[in-house]
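Residue numbers begin at 1 in each chain, while the letters A, B, ... track the order of the sequences. Reckoned from all heavy atoms, side chains included, excluding hydrogens, waters and symmetry mates.
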Number of protein chains: 2
Amino acid sequence: MPTPHYGQPRYRLIANELRKRIESGVITPGGLLPAETALTAEFRASRGTIRRAIAVLRDDGLATTAHGRGTFANAPSSEARGAKPQASSLSRREVHADAELAALFEVQVGVALIELRSVTIQGGKVETVTRTYRLR
Amino acid sequence: MPTPHYGQPRYRLIANELRKRIESGVITPGGLLPAETALTAEFRASRGTIRRAIAVLRDDGLATTAHGRGTFANAPSSEARGAKPQASSLSRREVHADAELAALFEVQVGVALIELRSVTIQGGKVETVTRTYRLR
DNA sequence: AGAAATTTGTCCGTATGTATC
DNA sequence: AGATACATACGGACAAATTTC
């Protein structure tokens with residue numbers, strides 16, 4: 001096959017097909033997608049195209065890939081539908097300026113700073129950790 | 001060259017180099033990046049690798065690509081980010097998890113994380129420095 | 001413990017399609 | 001119409017992480 005991609009490119013068509021299988025439950029949440037080599041056989045596409053299709057699913061939050069293990073289907077849960085991250089636990093403590101902070105605040109390295117720390121959680125997992133520093 | 005990617009993969013190194021040029025102003029906001037074929041010559045990398053590097057910049061919001069026209073540098077200013085206080089420059093880099101971050105993210109100490117750093121300025125003085133960490 | 005098989009990650013070179021200049 | 005630039009696709013090779021035997 002040369003490379004005709006009138007309309008939608010192949011990687012997108014393949015992504016749509018795989019998406020259907022996940023959303024319809026043919027591939028159960030947490031379940032493993034077929035290996036890339038298996039998918040190349042099924043769709044008669046090159047591995048690069050298959051990988052690109054899977055990348056689409058990852059970007060959409062429908063799948064997660066682990067080096068050496070495979071690609072797992074995610075539960076199409078609430079967070080895919082714009083649910084806000086659950087912020088939590090704002091804590092405060094005193095820390096000492098590292099080199100970068102010292103330069104920015106124009107103080108000596110080691111000077112005491114106030115640090116506010118917050119964590120956002122998404123689906124039971126820590127998604128972001130934020131540390132905000134200011135002078136005392 | 002076979003495929004030695006000890007440490008960081010080539011597409012990431014190239015992305016970092018291009019990022020520097022944008023953030024330092026070597027490529028002015030709105031300006032055009034060199035064409036992919038030009039970058040293949042400069043970095044002695046295949047076009048696929050160059051395209052992958054540019055994709056990283058797009059994902060980071062640093063560049064925009066238009067079919068047939070080229071890839072443009074975006075102003076590294078604060079975009080759709082809920083309009084925080086004063087002029088805060090946002091920069092991104094990779095860091096290694098310290099003990100606390102490792103515990104929160106449930107990874108090994110030293111694992112690579114993404115750090116977004118922003119600074120708020122009040123009357124010419126740095127008021128706060130915020131570091132937000134996320135898994136890669 | 002160790003070797004082999006499996007699976008994803010990176011990279012190359014090439015060819016062709018599509019959009020813009 | 002021609003030149004330039006990005007988009008898609010193929011096939012091959014080797015690297016790295018994981019699982020299996």
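- Put simply, CZ on R58(B) is 10 Å from C1' on dA7(D), counting in whole angstrom units.
- Contacts of G48(A) with the nucleic acid, taken as non-hydrogen atoms under 4.0 Å apart, are absent.
- If you check dC10(D), dT8(D), dT10(C) against the side chain of A45(A), the one that comes closest is dC10(D).
- Distance F72(B) CZ to dT20(C) P: 11 Å, rounded to the nearest Å.
- Heavy-atom minimum distance, R19(B) versus V56(B): NH2-CG1, 4.3 Å.
- A sub-4.0 Å separation between OP1 or OP2 of dT10(C) and a side-chain N or O of R10(B) is absent.
- Looking at H67(B), its side chain comes within 3.5 Å of the base of dT18(C) through a donor and an acceptor atom.
- At whole-Å resolution of the value, CD in E36(A) and P in dT18(D) are 16 Å apart.
- In this structure, the CZ atom of R69(A) is 22 Å from the P atom of dA5(C), given to the nearest Å.
- An OP1 or OP2 oxygen of dC10(D) is reached within less than 4.0 angstrom by a side-chain nitrogen or oxygen of T49(A).
- Side-chain N/O atoms of R47(B) and base N/O atoms of dA7(D) include a donor-acceptor pair closer than 3.5 Å.
- Side-chain atoms of R52(B) lie closest to dT10(C) of the nucleotides dA9(D), dG9(C), dT10(C).
- Here the side chain of S46(A) is nearest to one of dT10(C), dA9(D), dA17(D), namely dA9(D).
- When each of dA7(D), dC10(D), dC11(C) is scored by its nearest atom to the side-chain atoms of Y11(B), the top-ranked nucleotide is dC11(C).
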